[in-house]
Protein chains: 2
Amino acid sequence: MRSKPATIKEIAQLLNISVSTVSRALHDHPSIGLTTRQKVKKLAGELNYEPNQTAIFLQQGRTLTIGVILPELSESFFSSAISAIEDSAYKRNYTVLLAQSHDDEQKEKQLVEKMKNHRVDGLLVSVSKNTSSYQHFENLKQYNIPIVFFDRIPAMQNIHYVACNMEIGTIEAVSYLLKKGHRSIGMINGPGTLFASGERKEGYIKAMIKNRLKFDPSLIVTCDLTEAGTQQALNELLASKRKPTAVVTFNDYVALFAIKHATDLKLRINQDLEFVSYANLPLINYMESIPSASVEQFPYLQGQKAADILLDLLAQKHQGVAEQTAYYKIIIESQLIENRGAADIKGK
Amino acid sequence: MRSKPATIKEIAQLLNISVSTVSRALHDHPSIGLTTRQKVKKLAGELNYEPNQTAIFLQQGRTLTIGVILPELSESFFSSAISAIEDSAYKRNYTVLLAQSHDDEQKEKQLVEKMKNHRVDGLLVSVSKNTSSYQHFENLKQYNIPIVFFDRIPAMQNIHYVACNMEIGTIEAVSYLLKKGHRSIGMINGPGTLFASGERKEGYIKAMIKNRLKFDPSLIVTCDLTEAGTQQALNELLASKRKPTAVVTFNDYVALFAIKHATDLKLRINQDLEFVSYANLPLINYMESIPSASVEQFPYLQGQKAADILLDLLAQKHQGVAEQTAYYKIIIESQLIENRGAADIKGK
DNA sequence: TAATTATGCGCAAACGTTTGTCCGTTTTTA
DNA sequence: TAAAAACGGACAAACGTTTGCGCATAATTA
């Protein structure tokens, strides 16, 4: 019952050979004779020897570890992403060092420090909502630690990122509703300060233009994403002159608040008032009274792409490829997905 | 634009002092004079010096890292747990190395190996469904790496674990339905092979005894947790002689399948047929047509407890406390939570 | 058979830290 | 004022690996 893991040194001592020989034997180096090699491997097996990654790092200058900093691990969107990241990392023999910022800029900074301490080879980041300065990310460049951002991208120059463009999905969403016969379509958007709100609004407008319809600004209302705010926003829409028969909501949370409120108002979901949303929540598939369609943002795919890019960068770096001057900027197009199972008027 | 992070050595060279002095200065060791200390800290700041954790590990024999191996990161239950774990670890200056087994025994074994390579100080594990041999965990004991299991506990002796007991919650669930006036309560349970199924059945029976009622075995049917299986199970219950007016389902997925099916059968949810389930899914709060109550399993709490236990063990170990012979076995009692917002007959 | 090439292995440095020990000055104490 | 204590700092070993280099001995070549 040893208390410490076996080392290469001990093996060397026990076999009366040098540590370098042991090391080489374990790596099948050609300059080591067959018999020695076998002896070493046998003993290593018996001692349950495992190479000490930490020591290897010191030698090689890399940890085979990538850091991941996300706002909220329990959010379904991010947990899908982290799952993808872990899968990608595993395939390429990397390990994931995980941390969450809770949308706190100060904590995010500390986490970046910690990742530097641990000498992660690279970093995957979805930026905190409240981060205003990006100096902590800039610093990493001097450390030669590549970062790939995803989903929440900071306003920085010369960065790698993977993001999802909501515009296309929004155009699809609005067009979908138009095709179903709706002539007045409302939108409960997020705060104007959010980049994401802009994309949705743009998409809405472009869809109208594309379908040669007039854009009525009063049909887009903003809300603060709370339940109360959502109720108010829906009330506003329903009170408007061109009372909408369909609503596009900023995200699934807003959608569910709105659906609840609409139900309270005795409106039949997707009949009197049809809903389309953006997918944040899983298992929408399991229930009725859900939006009839959702704009999918592919969190798993985003995480996967981001991880693959980072791992590619690391592989290049390790092979001594010259500092890249080009930056990956991957845009995943959002896509409208009809929610089969939703109550539906099957309009055509 | 340095390509490598600054080291203590460089600082020493630049200042024409020894590395030990630099190290001590940075740690505010009393034997270093004020002026030298200040010079060192100043230069360290300018060079953006960050201690190399990896090197420190080699010295100190610990990585300040805990490994976490879970079946599925994207499962809401586990992502809540991992969020709690990260929070606890962060508070005590630890970092989380994360991996998922996808319920694959082989992969789980490899992950344990990898964690050993990285020399994590301790391990948090929720065991894969398909794991049959626990040798890879046993081996860790020889490495003196403490493990704390949670939620899914292996059948091993002498382990630390945190689990949630479903029995109490089930008793509460059945009693709750009885109090609401139901006289025939069905249960759609999981496969008999699952430990979790046993607990639920026990709870059901104890609730009947407690309320001095006769237990009718035909009211408990098992299913394979698929949608088709659930439908069949529900049909079975509804066809039974004592057609139940309420059903306890194995988990939220089963509940949602059953609710969908019941709706198709024109049954009014929680009126003609009342549902109680076990909480796996979030945002149940956002929708109607959900079980009127859920047995909560507190994933965040489980993760938190497990992490705290592990970190306590590590702290003890670091302070040289003798090998503990006692094992933490924490049982969290499940608890029935009424789902406000669910359609309800408000029976009394 | 002598010169050359392989073969098989050991030596030692290096990666970045921490820490026990030792040593030369300065300051205090008697 | 001489001896003792306190101060400030340097030396070197250690943590576990990898790897360039050198050096015997054995095998090949001419």
Side-chain angles (χ1 to χ4, degrees), chain A residues 2-41 43-44 47-65 116-121 143-144 318, chain B residues 2-41 43-44 47-65 116-121 143-144 318:
Chain A
R2 7 181 359 84
S3 66
K4 287 286 173 196
T7 74
I8 239 176
K9 267 188 193 171
E10 295 174 358
I11 299 183
Q13 240 168 6
L14 258 46
L15 256 41
N16 252 317
I17 58 181
S18 79
V19 289
S20 52
T21 303
V22 176
S23 173
R24 289 189 165 100
L26 290 172
H27 287 80
D28 286 320
H29 191 284
S31 90
I32 303 299
L34 184 61
T35 49
T36 333
R37 200 179 315 179
Q38 287 177 335
K39 269 196 301 183
V40 168
K41 288 193 175 176
L43 185 57
L47 292 183
N48 235 306
Y49 169 78
E50 293 282 342
N52 186 330
Q53 268 300 132
T54 325
I56 295 178
F57 163 64
L58 214 48
Q59 237 287 128
Q60 317 234 318
R62 57 184 208 149
T63 52
L64 291 178
T65 296
K116 280 199 288 193
N117 279 352
H118 278 266
R119 295 296 193 269
V120 296
D121 289 346
Y143 270 71
N144 210 14
H318 187 236
Chain B
R2 3 178 5 82
S3 66
K4 287 287 173 195
T7 74
I8 240 176
K9 267 188 192 170
E10 294 174 359
I11 299 183
Q13 241 170 4
L14 259 44
L15 255 40
N16 250 316
I17 56 181
S18 80
V19 288
S20 53
T21 304
V22 176
S23 173
R24 289 190 165 100
L26 290 172
H27 287 79
D28 286 320
H29 191 284
S31 91
I32 303 298
L34 184 62
T35 50
T36 334
R37 200 181 312 180
Q38 287 178 336
K39 270 197 300 184
V40 169
K41 287 192 175 177
L43 185 57
L47 292 183
N48 235 308
Y49 170 77
E50 294 280 343
N52 185 329
Q53 268 300 132
T54 325
I56 295 178
F57 163 64
L58 212 49
Q59 237 288 128
Q60 318 235 315
R62 57 185 208 149
T63 51
L64 291 179
T65 296
K116 280 198 288 194
N117 280 350
H118 279 266
R119 295 295 193 268
V120 295
D121 289 345
Y143 271 72
N144 209 15
H318 187 236

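Below, read A as the first sequence line, B as the second, and so on, with proteins coming before strands; counting in each chain starts at 1.
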Between D:dT18 atom P and A:Ile11 atom CD1, what is the distance in whole Å?
11 Å

Can you tell me which nucleotide in D:dT17, C:dT19, C:dT17 comes closest to the side chain of A:Ile8?
D:dT17

Has A:Gln60 got a side-chain N or O lying under 4.0 Å from the OP1 or OP2 atom of D:dT19?
yes

Gap between atoms NE2 and C1', on B:His27 and C:dG16 respectively (whole Å):
12 Å

Is B:Glu50 touching bases, backbone alone, or none of the nucleic acid, heavy atoms closer than 4.0 Å?
sugar-phosphate

Just to confirm, is there a sub-4.0 Å distance from OP1 or OP2 of C:dG10 to any side-chain nitrogen or oxygen of A:Ser18?
yes

A:His118 NE2 to C:dT17 C1', straight-line distance once rounded to whole Å:
15 Å

Answer yes or no: does a side-chain N or O of A:Thr7 lie under 4.0 Å from OP1 or OP2 of D:dG16?
no

Does A:Ser20 place a side-chain N or O at less than 4.0 Å from the phosphate oxygens OP1/OP2 of C:dA12?
no

At their closest point, which heavy atom of B:Pro51 faces which heavy atom of A:Arg119, and how far apart are they?
O-NH1, 3.6 Å

Between the base of C:dG10 and the side chain of A:Arg24, is there any donor-acceptor pair under 3.5 Å?
yes

Using a cut-off of 4.0 Å on non-hydrogen atoms, how would the nucleic acid contact of A:Thr36 be classed: base, sugar-phosphate, or nothing?
sugar-phosphate

Between D:dT19 and A:His29, is there an OP1 or OP2 to side-chain N/O distance shorter than 4.0 Å?
no

